[in-house]
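Any value given below was found using the heavy atoms of this structure, including those in side chains, with hydrogens, waters and symmetry copies removed. On a predicted model such as this, the values are computed, not experimentally measured, just so you know.
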Amino acid sequence: MAPVFGKNFVSDQLMLVFTEADRFVDEVKRNELAEFERLADGGAEVATDDRPPSWHTRLMGYSAPAETLRFRLDLQGFSSERVQSLCIAFFDEELARDTEDDGIDLRDSWPEGQTTYPDGAAVTAALTSRRGQAVIAEVPRDRIIDHERRFLEHQWESLRESFDDPRFALALSLVNTRPATTVTLDLTDLVLGGWMNADDKPHQTPVPGWPPPSPRADPSLSSPRAKVMRGGYAVPSR
């Protein structure tokens, strides 16, 4: 899954997409971790590097088919069509601003930049492609000067700053994912870092304002133009 949560937390909004049925815990790894911590608490000399490499993935998290997640996101106001439309409009405005305000246009960093990414639709298509998702999921390689990579990384970061609900980024990441592909939110790093316990169920954490009021309680929601989820947009493995 493309990075859609922080290094020491997982967003409550993101967890609205997952359910109890999606949650998994590797009991073998959890028991080994408990024994490791018991020895450490007892004064035994155990180094972090002594933990088996397999512990660093799939100890605890959530998994669901891409088609299922897209359906849930759609119900919450983050349909693939709407997210793509907002992305295209956002990038069109960003690219125009760089040109009109004499800003630094990263497309000028390499010869094919302007022709490869003439508008917001081209940028959106690139970010939703397999290659684009691989670029934003990888740690930046500072020693390698890849101007197109830097351009896409910059566009992705600008998008996430403007549409900061992680469900927006997730919906965009799933646009071209095959329906049967299993998408995994691996929370192992949060468990190993001490920010979360393997027994925690973050999908059950109450989120202020959710669920939204029913149409009867709030007449404004009964309008045909009312959004499925009010306030969803603040402006928002394979």
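Between Phe91 and Asp119 there is no side-chain heavy-atom pair separated by less than 4.5 Å. In this structure, the side chains of Lys29 and Met60 stay at 4.5 Å or more apart for every pair of heavy atoms. Looking at heavy atoms from C-beta onward, Met15 lies out of side-chain contact with Asp12 at the 4.5 angstrom threshold. Looking at heavy atoms from C-beta onward, Val10 lies out of side-chain contact with Trp195 at the 4.5 angstrom threshold. When side chains are defined from C-beta on, Pro118 does not count as touching Leu95, because their heavy atoms never get closer than 4.5 Å. Arg97 places a side-chain heavy atom less than 4.5 Å from the side chain of Glu94. With a 4.5 Å cut-off on side-chain heavy atoms, Gln133 and Thr128 do not count as touching. Two residues are said to be in side-chain contact when any heavy atoms from C-beta on lie closer than 4.5 Å; Pro65 and Thr182 fail this criterion.
Remark: Glu27 engages Arg30 in a salt bridge, criterion side-chain N to carboxylate O under 4.0 Å. Classification of Asp22 and Arg72 as a salt-bridged pair holds, one side-chain N sitting under 4.0 Å from a carboxylate O. Under the 4.0 Å criterion applied to side-chain N and carboxylate O atoms, Glu148 and Arg107 are not assigned as salt-bridge partners.
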Go through the steps for Thr184 and Asp186 under the test side chain to side chain donor-acceptor pair (under 3.5 Å), then give the verdict.
CA-CA 6 Å; Thr184 299; Asp186 194 337; over 6 Å; no
* Apply salt bridge (Lys or Arg N to Asp or Glu O under 4.0 Å) to the pair Glu67 and Arg70, showing each step before the final yes or no. => CA-CA 5 Å; Glu67 184 176 29; Arg70 276 199 292 260; over 6 Å; no
- Can you check side chain to side chain contact (heavy atoms under 4.5 Å, CB included) on Val17 and Arg167, steps first, answer last? CA-CA 8 Å; Val17 182; Arg167 288 171 294 178; 3.7 Å; yes
- Check the pair Leu152 / Trp156 against side chain to side chain contact (heavy atoms under 4.5 Å, CB included), numbers first and verdict last. CA-CA 6 Å; Leu152 291 176; Trp156 175 254; over 6 Å; no
Side chain to side chain contact (heavy atoms under 4.5 Å, CB included), that's the test. Do Thr181 and Arg178 meet it? Break it down for me. CA-CA 5 Å; Thr181 297; Arg178 294 178 180 177; 3.4 Å; yes
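Across Ala171 and Leu73, no two heavy atoms sit closer than the pair CA-CD1, 3.8 Å. The two residues Asp92 and Gly120 have their closest heavy-atom pair at OD1-N, 2.6 Å. The two residues Thr57 and Thr188 come nearest to each other via the heavy atoms C-OG1, 3.5 Å. Listed here is the closest heavy atom pair of Thr177 and Ser173: OG1-O, 3.3 Å. Taking each heavy atom of Asn176 and Ser129 in turn, the nearest pair found is ND2-N, 4.3 Å.
Going from atom CE of Met196 over to atom CG of Asp189 covers 11.0 Å, rounded to the nearest 0.5 Å. Considering CD of Glu157 and OG of Ser162, their distance stands at 11.0 Å, rounded to 0.5 Å. Atom CG of Leu172 is separated from atom CG of Leu159 by 6.5 Å, given to the nearest 0.5 angstrom. Between Arg149 atom CZ and Leu106 atom CG the span is 14.5 Å, to the nearest 0.5 Å. Separation of atoms CG (Leu14) and NE2 (His203) is listed at 13.0 Å; rounding is to 0.5 Å.
Hydrophobic clustering keeps Phe78 apart from Ile88 (ILVMFWY residues linked when any side-chain heavy atoms are closer than 4.5 Å, directly or through intermediates). Both Leu190 and Leu192 are part of a single hydrophobic cluster, where members link through side-chain heavy atoms under 4.5 Å apart. Hydrophobic cluster membership is shared by Val25 and Val191, with clusters built from Ile, Leu, Val, Met, Phe, Trp and Tyr side chains linked at under 4.5 angstrom.
In terms of modelled atom types and a separation under 3.5 Å, the side chain of Ser11 and the main chain of Gln13 share a donor-acceptor contact. The backbone N or O of Glu112 lies less than 3.5 Å from a partner atom in the side chain of Thr116, making a donor-acceptor pair. Under a 3.5 Å cut-off, the side chain of Gln84 and the backbone N or O of Thr124 do not form any donor-acceptor pair.
Under a cutoff of 6.0 Å and an axis angle of 45°, Arg58 and Phe24 form a cation-pi pair.
Aromatic ring pairs are classed by plane angle as parallel below 30°, tilted from 30° to 60° and perpendicular above 60°; the pair Phe18 and Tyr62 is tilted.
With sequence neighbours left out, Tyr117 forms a ring-ring contact (aromatic ring centres under 6.0 Å, His included) with Phe151.
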